[in-house]
Number of protein chains: 2
Amino acid sequence: MTETAALSTEKLTETLKILHDPTRLLLMKLLIEKEYCVCELVDMFEVSQPAISQHLRKYKKAGLVYEERRGQWRYYRFNETCEQHALVEKILGQLDENDEQLVKLRTKAESITC
Amino acid sequence: MTETAALSTEKLTETLKILHDPTRLLLMKLLIEKEYCVCELVDMFEVSQPAISQHLRKYKKAGLVYEERRGQWRYYRFNETCEQHALVEKILGQLDENDEQLVKLRTKAESITC
DNA sequence: GCTTTATATAACAATTTGCTTATATACTAG
DNA sequence: CTAGTATATAAGCAAATTGTTATATAAAGC
């Protein structure tokens, strides 16, 4: 299990602010499991490409994800060494694995090739 | 330790939205430990009485707190039977006990009589 | 070089948030 | 009944949020 970090009020609320949006919460649920490139995420979520990029930028700014360029693609994945690691894991661990939106996303994920 | 509940994306994000505000996060940190009446909270936090009432209303609407009238006072406390119980405990458990704002609040709490 | 593809950034609109001040409600004490 | 205290609610406002469309940037292939 993840160890517990002691976060400041500021850091803690900043992280909750990032995860409180449904799109970003589900995005993080995916990124914590494996890396994705932006175009895969755009195909999975029902929002525009700029919207996805903007969400990812927030994550990156908060130190929650890594970005890696490979060719013309940019891959994003969860930063397991971040200070908020334990918090994020605990929050996402509360999400119902059978949640309709999550299940739908995972189904889409299977059929996507970028 | 608290057991884990499976929350929907909606319920989970709703709860994060409530806790992402610094005032409300700290408010909940207090309410999870013991009950407070509104005037005690007003004295402790540096916001107006209506601001506190409005925060408490959000909590109540989300089922996170109980409200009990006794005389002219209204006492609020955490609702331990709510669906989001485990989530809230886990989030608040990540807050540094030595966090400046929290310590300051606890100090004030000691000297307040309503 | 030009074109296509992947992604980021800018600019903007609609909505939501979190406070404030002003006011209403309700209980208590005389 | 009246005055005071505790609390809620309403109205208004500035700032933040989240999406959109339009445009810029950068790599890949010809």
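Throughout, protein chains are lettered first and strands after them, A, B, ... in sequence-line order, and every chain is numbered starting at 1. Since we're looking at a predicted model, the values are computed, not measured.
Listed here is the closest heavy atom pair of B:Gly63 and B:Asn79: O-ND2, 3.1 Å. Pairing each heavy atom of A:Met44 with each of A:Leu30, the nearest pair is CE-CD1, 3.2 Å. Taking all atoms of both residues into account, the shortest heavy-atom contact from B:Lys60 to B:Glu67 is NZ-OE1, 2.9 Å.
Toward the 5′ end of DNA chain D lies the nearest nucleotide of B:Leu56, the other residue of the pair A:His55 and B:Leu56 mapping further downstream.
Not one side-chain nitrogen or oxygen of A:His20 sits closer than 4.0 Å to the OP1 or OP2 atom of C:dT17. For D:dT18, one of the phosphate oxygens OP1 or OP2 lies less than 4.0 angstrom from a side-chain nitrogen or oxygen of A:Lys58. Using a 4.0 Å cut-off, no side-chain N or O of B:Ser48 falls inside it from OP1 or OP2 of C:dC19. Taking side-chain N and O atoms only, B:Arg57 has no distance below 4.0 Å to OP1 or OP2 of D:dA8. Residue A:Lys17 places no side-chain N or O under 4.0 Å from the OP1 or OP2 atom of D:dA16.
Within 4.0 Å (heavy atoms only), B:Arg24 reaches sugar-phosphate atoms of the nucleic acid but no base atom. Residue-level contact check: A:Lys60 touches neither bases nor backbone, having no heavy atom under 4.0 Å from any strand.
Between A:Lys90 and B:Glu89 there is no salt bridge, since no side-chain N of the basic residue sits under 4.0 Å from a carboxylate O of the acidic one. The pair A:Arg77-A:Glu68 meets the salt-bridge criterion, with a side-chain N (NZ, NE, NH1 or NH2) lying under 4.0 Å from an Asp/Glu carboxylate O. A salt bridge links B:Lys108 with B:Glu46: at least one charged nitrogen is closer than 4.0 Å to a carboxylate oxygen.
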Pairs under 3.5 angstrom, nitrogen or oxygen only, protein versus nucleotides 5-7 of chain C, please.
{"from": "C:dT5", "atom 1": "O2", "to": "A:Gln72", "atom 2": "NE2", "distance (Å)": "3.2"}
{"from": "C:dA6", "atom 1": "O3'", "to": "A:Gln72", "atom 2": "O", "distance (Å)": "3.3"}
{"from": "C:dT7", "atom 1": "OP1", "to": "A:Arg74", "atom 2": "N", "distance (Å)": "2.9"}
{"from": "C:dT7", "atom 1": "OP2", "to": "A:Cys39", "atom 2": "N", "distance (Å)": "2.6"}

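Distance A:Lys61 NZ to D:dT17 C1': 13 Å, rounded to the nearest Å. The distance from atom CD of A:Gln54 to atom C1' of D:dT21 is 11 Å, rounded to the nearest whole Å. In this structure, OH of B:Tyr59 is placed 18 Å from C1' of D:dA8, rounded to the nearest angstrom. Atom pair B:Leu19:CG and C:dT17:P shows a separation of 14 Å (rounding to whole Å applied). As a whole-Å value, the separation of B:Ile52 CD1 from C:dT20 C1' is 14 Å. Atom CG in B:Asp21 sits roughly 11 Å away from atom P in D:dT17 (whole-Å rounding).
Here the two rings, on A:His85 and A:Phe78, have centers that are under 6.0 Å apart.
Helix-axis bend for the helix from C:dG1-D:dC30 to C:dG30-D:dC1: the local axis fitted to the five terminal pairs at one end deviates from that at the other end by 10°, rounded to 10°.
Within 6.0 Å of the CD atom in B:Glu33, the count of heavy atoms belonging to other residues, nucleotides or ligands exceeds 12.
Both tests pass for A:Lys34 against the ring of A:Tyr36: distance under 6.0 Å to the centre and angle within 45° of the axis. Both tests hold for A:Arg70 against A:Tyr75: distance to the six-membered ring centre under 6.0 Å, angle to the ring axis within 45°.
Of the candidates C:dA26, D:dT9, D:dG19, C:dA26 carries the atom nearest the B:Arg69 side chain, counting heavy atoms from C-beta on. Distances were taken from every side-chain heavy atom of B:Ala51 (C-beta onward) to each of C:dT20, D:dT17, D:dT9; the shortest belongs to C:dT20.
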